Number of protein chains: 2
Amino acid sequence: MEHKTISLADQVFENLENDILSGKYARGELLTESKLSLSMGVSRTPIREALRRLSQEHIIEETGKGSVVVGITEEDLRDIFFIRRKIEPECAAMAAKNRTDEQIAKLREAVEFQEFYLGKKDTEKIKLMDSRFHETIYNMSASTVFSDVLVPLHRKIQKYRKASVSNKSRAAASVDEHRKIFEAIEAGNEEKTYELFAKHLENAYNHMFGKEK
Amino acid sequence: MEHKTISLADQVFENLENDILSGKYARGELLTESKLSLSMGVSRTPIREALRRLSQEHIIEETGKGSVVVGITEEDLRDIFFIRRKIEPECAAMAAKNRTDEQIAKLREAVEFQEFYLGKKDTEKIKLMDSRFHETIYNMSASTVFSDVLVPLHRKIQKYRKASVSNKSRAAASVDEHRKIFEAIEAGNEEKTYELFAKHLENAYNHMFGKEK
DNA sequence: ATCAGCATAATTGTATACAATTATACCATT
DNA sequence: AATGGTATAATTGTATACAATTATGCTGAT
């Protein structure tokens, strides 16, 4: 049993990020440390920490007198996809190059779980495994720079309520693409990984915004 | 006089980031909150806040028992340049599109100061104005996503001690390129801005790592 | 001499107390 | 009624106190 205890600050961050990106807290709403402290039942210290992290990721904006909820706009979504399409295929290719057995196992597991939950039509779990798939690849690249850039971008997209991958057809296709990407990474085929990944992101983009560009 | 008072936490962050990226604190060194608190003469609270931010940018790594200095490696530099070359020209093109008079004025000022300090051979000031030039462009893009990604990347490069733009020939060429980029942005010419910027980054990269790739 | 175990110290995590700043509301004056 | 000023309250910034965990070193037994 080596259960890593998660700090209150981390939990608060998780909850707040979720509540904001999922729309529970509306854009423009004002959050204060005291009220959050009261409503969440923890002291201001962990609250402050979480707010600072959210502020750094531009999910809220600290005004000096409360924090205003910013959330994420459709324009943000487009920018995020633009950046991901420009750099994430390269990151995946690096993963194919630097892969370790342990990471390959973890990636395979993410794919297999996605296939399993696809059958169950459990979209929440599918999204969870989607995060694991992509973040595992970020780690496999062995580049903290790529990881630091891509993790927050992916998290924002992932949790955005409108970005529901609930559309069944896309979900199935997406999982299928993950399977093929996984195989390319496992085989260490950098070029193929790059191309499959670029196509994967293009498809996701087109599905989200429509074919017309 | 509306001097925005800078919080202790911000100052601590600035100082620590500088000390780490400039090499004062060596890679692998262990920082503890108590010692920093003592040596900097402030309580642990602002220290913690600064450490968290540094950790989020992977400049240090929190181990649960002190924070290990990570700094920035040459591999990081390459990754940063890769990403910048992929997305920063687009950001500059957006700046050319969304420019405002006020921002144009600020950008012009940055270029003119650089030209002035180039004559004075004041490399520190040149670097400072280089930061202002690039960060102004990030702001002009009016995209928080691009800005959030690019600002930390540029800061890391900027402060890296080996990345001294002290080489006179490159400094002169760089300032000249800034001037031309500024003119393209002022004119609102997106395509030209994109191309000039791409070339600017390519030149900076080649100067730092040598032509061979 | 070596190793186990326990006491001690060092460190982070959290809560609370206090300071400083800023908004707000109320009251008095015109 | 409008305005200005002042007291009050709300909020963040900082410091400190306390809790919990973990490393460290010492002591004693074999």
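Below, chains carry the letters A, B, ... as their sequence lines are ordered, and counting in each starts from 1. What you see is a predicted model; the values in this text were computed from it and never measured.
- Judged as a side-chain contact (heavy atoms from CB on, under 4.5 Å), and not counting sequence neighbours, the contacts of B:K125 are B:Y117, B:D122.
- Separation of the B:Y205 and B:F82 ring centroids does not fall under the 6.0 Å cut-off.
- Applying the side-chain hydrogen bond (donor to acceptor under 3.5 Å, both in side chains) rule to B:E17 yields the partners B:R155, B:K159; only residues at least two apart in sequence or on another chain are considered.
- The aromatic ring centres of A:H134 and A:F197 sit less than 6.0 Å apart.
- When the side-chain nitrogen and oxygen atoms of B:R48 are compared with OP1 and OP2 of C:dG13, one or more of them lie within a distance under 4.0 Å.
- Residues A:I83 and B:V145 are in side-chain contact: their nearest non-hydrogen atoms beyond the backbone lie under 4.5 Å apart.
- Looking at A:E135 and A:K106, no side-chain N of the basic residue comes within less than 4.0 Å of a carboxylate O on the acidic one, giving no salt bridge.
- Annotation for B:R179: atom CZ counts as buried by contact number, over 12 foreign heavy atoms lying within 6.0 Å.
- Listed pair A:K35 / D:dT11 meets the phosphate criterion, a side-chain N or O lying under 4.0 Å from OP1 or OP2.
- Atom CD in B:E33 sits about 15 Å away from atom C1' in D:dA20, given to the nearest Å.
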Note to self: So if I define the base as every atom that isn't primed, P, OP1 or OP2, how would nucleotides 21-26 of chain C read as a B/S/- string at a heavy-atom cutoff under 4.0 Å?
What the structure shows: BB----

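- Among residues at least two apart or in separate chains, there is no ring-ring contact (aromatic ring centres under 6.0 Å, His included) pair with a member in residues 10-58 of chain A.
- Across residues 53-61 of chain B, not one residue has a non-hydrogen atom less than 4.0 Å from an atom of DNA chain D.
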Write out a two-atom table: protein N or O, nucleotide N or O from nucleotides 15-17 of chain C, distance below 3.5 Å.
residue: C:dA15; atom: OP2; partner: A:S43; partner atom: N; Å: 2.8
residue: C:dA15; atom: OP2; partner: A:S43; partner atom: OG; Å: 2.7
residue: C:dA15; atom: O5'; partner: A:S43; partner atom: OG; Å: 3.4
residue: C:dA15; atom: N7; partner: A:T45; partner atom: OG1; Å: 2.7

